[in-house]
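Below is one structure, written out as structure tokens; comments come after it.
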2 protein chains.
Amino acid sequence: MATLSDVARRAGVSPATASRVINGSSKPVTDELRERVLAAVAELQYVPNAHAQLLARSHRSAVGVIVHDVSDPYFAEITRGLQRVATDQGRLLMICNSYRDPDRELEYVELLRGHQVAALILAGSGYHDEAFTRQLNEKLTAYEATGGRVAVIGRHEHSGDAVMPDNRTGGYLAGRELCALGHRAIGVVAGPRILTTTTDRLAGLRQALAEQGRELPERRIRYAEFDRDGGAEATARLLDADPDLTAIVALNDSMAIGALATLRTRGLAVPQQISVLGFDDMPIARDVTPALTTVRLPLVDMGVRAMSLVLGVGAPTPRVEVLPAELVRRDTAGPVPRSTRATVGSAPRARRGDAAS
Amino acid sequence: MATLSDVARRAGVSPATASRVINGSSKPVTDELRERVLAAVAELQYVPNAHAQLLARSHRSAVGVIVHDVSDPYFAEITRGLQRVATDQGRLLMICNSYRDPDRELEYVELLRGHQVAALILAGSGYHDEAFTRQLNEKLTAYEATGGRVAVIGRHEHSGDAVMPDNRTGGYLAGRELCALGHRAIGVVAGPRILTTTTDRLAGLRQALAEQGRELPERRIRYAEFDRDGGAEATARLLDADPDLTAIVALNDSMAIGALATLRTRGLAVPQQISVLGFDDMPIARDVTPALTTVRLPLVDMGVRAMSLVLGVGAPTPRVEVLPAELVRRDTAGPVPRSTRATVGSAPRARRGDAAS
DNA sequence: TACCGCAGAGAAAGCCCTTTCCCGCAGGGA
DNA sequence: TCCCTGCGGGAAAGGGCTTTCTCTGCGGTA
């Protein structure tokens with residue numbers, strides 16, 4: 001691999017001059033030498049060793065990002081926002097997938113620190129796990145102590161800059177919509193209960209029901225992986241236990257799509273027999289049939305904000321930006337079916353199989 | 001930021017010893033010193049500078065990957081395969097999105113070379129662009145000359161290791177299926193014509209039609225972006241020009257989903273009035289309604305193979321692995337509608353609007 | 001003519017680590 | 001007693017680059 005001194009030797013100049021030409025330094029170099037250096041670079045196909053450069057330079061430029069999985073549309077959208085700002089500022093992004101494994105998350109913080117990133121963005125749900133949270137905070141604090149900037153997306157027990165989707169209000173909107181449509185037997189297909197995202201969305205849902213003097217019993221909730229298959233499976237379990245459900249809230253769109261698949265398999269018409277609500281409004285939501293009624297989160301914008309926070313000037317007080325959730329009405333949520341409405345308040349009548357409620 | 005010598009000083013040992021302890025060197029260190037070093041590391045929250053390590057060590061470990069867009073399901077699946085093997089081997093992946101921009105692709109080759117990756121994987125379609133291809137090959141050759149390994153996924157005019165999805169046969173299978181179902185008025189929603197993926201799939205399609213003594217005129221093809229919106233738009237244009245189409249082949253699943261959206265908007269029933277075929281079999285294909293009939297490519301496996309090639313021992317002759325395509329019959333392709341079948345061979349009768357054919 | 005200042009180039013000091021080489025010492029064999 | 005061996009540790013040489021500092025030679029001023 002050709003090095004800078006190879007280039008310098010070939011051009012008949014010192015490494016210092018070669019470096020200046022290659023990096024467009026402000027120090028003037030005569031045109032003749034410049035030409036010679038450039039020629040040598042081309043001939044040798046020279047590419048500077050990025051690690052040596054990073055070592056020699058003082059300022060760090062790359063930004064580290066930890067997401068659960070970039071190929072999950074939720075994070076893909078956020079990442080798009082992050083990228084947009086980063087590219088504008090000429091920053092390189094290092095993106096790591098934690099696959100929702102706390103240990104891996106911790107490791108990646110170290111790794112990125114080791115790679116001398118200028119800033120760190122945690123773009124995943126927080127965990128209800130004190131030991132983990134403490135460890136994470138220790139590492140982040142240590143990192144910040146050395147001048148690193150940190151921002152989190154979502155609720156973490158971290159006391160720095162943060163952008164927070166309003167999950168709770170989102171859950172509330174979903175609940176209110178379903179109540180307005182007359183649903184009473186509402187099942188929830190939830191993500192892992194250890195995630196703050198799950199619990200926040202649930203809390204909002206509960207609040208909406210509470211306003212109607214009702215509650216959401218645990219038996220109407222099934223926790224599963226936050227993906228399509230998790231949603232399909234949780235929906236099946238929910239239906240097995242409680243065939244009289246008239247609505248299902250999935251705590252993200254991937255799960256909602258899984259739910260739709262299960263309902264299709266079981267021959268339940270959406271929304272005529274049963275309504276489905278998603279969450280996030282990922283791009284595919286409008287393309288499933290029927291198109292998914294869901295709660296929109298400004299995902300791209302969340303990424304934009306987080307990156308801006310971290311690359312902007314540091315504020316003395318940590319900044320927390322809450323981004324609003326919004327209900328998007330499409331075709332999967334409808335009024336409660338007539339047959340069921342008639343039985344509201346009386347003993348539930350099983351539509352098929354045994355009622356387990 | 002704490003450095004190794006900080007640790008060494010605090011532990012009262014030399015940097016050499018500290019390094020040995022931290023890296024688990026084979027050289028023995030007494031337990032006492034080991035303890036002291038470890039304690040110092042913990043107290044200082046020391047993390048080795050990855051760039052310094054890479055500079056000091058001789059062997060390069062990371063692998064560079066250039067894809068069009070990780071968040072596109074096609075590449076997400078391939079990446080999953082790449083990751084699997086890389087993780088097994090303890091390799092770090094650097095993934096770059098070129099967004100189908102040849103210049104960016106070239107830049108990323110340089111960038112990754114600068115980052116001293118041990119190998120490079122190009123996981124996107126090739127381009128029909130001689131100037132670009134030449135430049136790319138120059139860069140790759142230069143890289144290989146310095147000991148780097150290269151593998152491409154898809155057809156590139158690069159003479160090294162490659163894994164090739166059998167796009168042509170895939171196109172052929174799609175065409176044959178449609179012919180078997182009696183379709184004659186077949187429209188194609190194609191990706192950018194500059195991509196080899198597009199032309200290969202088209203070629204297969206043409207071959208299938210040719211076997212029936214028919215051909216695929218250019219006016220039945222619309223080229224657009226290889227994504228959902230491209231598919232939607234191309235389908236609209238196709239339908240405007242030729243309302244009598246009984247089948248549409250989309251050259252990837254994202255476009256097929258866009259096509260489905262347009263057809264839904266126009267009130268055309270799939271597959272009763274018009275059939276749709278996709279390509280790739282990305283995960284979402286089974287979740288749209290009706291479920292997408294498509295040509296499956298072993299995407300994950302393609303990633304696995306490519307990474308194995310590049311991390312395995314170098315073979316004297318470049319290895320090319322062709323991975324087979326396979327038709328997956330679901331619900332979007334059906335027999336030609338009766339009304340249309342009756343008019344085959346005679347002057348086409350417009351079903352709605354003006355026939356432009 | 002003597003001196004100053006400055007432009008343009010090079011020498012060399014890091015940046016932080018790994019690893020080879022070397023040294024001192026203790027134990028064992030002759 | 002002397003020498004050799006082997007072990008645990010440190011000194012120091014890179015690895016490839018940037019950047020400060022230093023030097024040379026030239027044109028311009030007093």
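What you see below is based on every heavy atom in this structure, not just the backbone, and it leaves out hydrogens, waters and symmetry mates.
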Margin query: Could you walk me through whether A:R134 and A:E130 satisfy the salt bridge (Lys or Arg N to Asp or Glu O under 4.0 Å) test, starting with their C-alpha distance in whole Å, then the side-chain angles of each, then the deciding distance to 0.1 Å, before giving a yes or no?
Written below: CA-CA 6 Å; A:R134 191 166 31 71; A:E130 267 196 47; over 6 Å; no
Notebook entry, point to check: B:A16 side chain: which of D:dA12, C:dA12, C:dG14 is closest?
Noted result: D:dA12
It should be established whether [X] places a side-chain nitrogen or oxygen under 4.0 Å from OP1 or OP2 of nucleotide [N].
X	N	result
A:T17	C:dG10	yes
A:S14	C:dA11	no
A:N49	D:dG15	no
A:Q53	D:dT18	yes
B:Y46	C:dC16	no

Item checked: B:T141 and B:N137 side chains, donor-acceptor separation under 3.5 Å -> no
Check: Given atom CZ of B:R57 and atom C1' of C:dC16, what is their separation to the nearest angstrom?
Finding: 12 Å
Next item on the list: Grab the CG-C1' distance between A:L55 and C:dT18 for me, whole Å please.
Entry: 13 Å
Check: Would you say the base of D:dT20 and the side-chain of A:R20 have a donor-acceptor pair closer than 3.5 Å?
Finding: yes
Check: What is the nucleic acid contact for A:L54, judged by heavy atoms within less than 4.0 Å: base, sugar-phosphate only, or nothing?
Finding: nothing
Margin query: For a quick check of understanding: with a heavy-atom distance under 4.0 Å over all strands, which category does A:T3 fall into, base, sugar-phosphate or nothing?
Written below: sugar-phosphate
Checklist line | Name of the residue among B:E107, B:H68, B:R104 meeting side-chain hydrogen bond (donor to acceptor under 3.5 Å, both in side chains) with B:S98 | finding: B:H68
Margin query: Which residue in the set B:L33, B:V21, B:V7 passes side-chain contact (heavy atoms from CB on, under 4.5 Å) when paired with B:L38?
Written below: B:V21
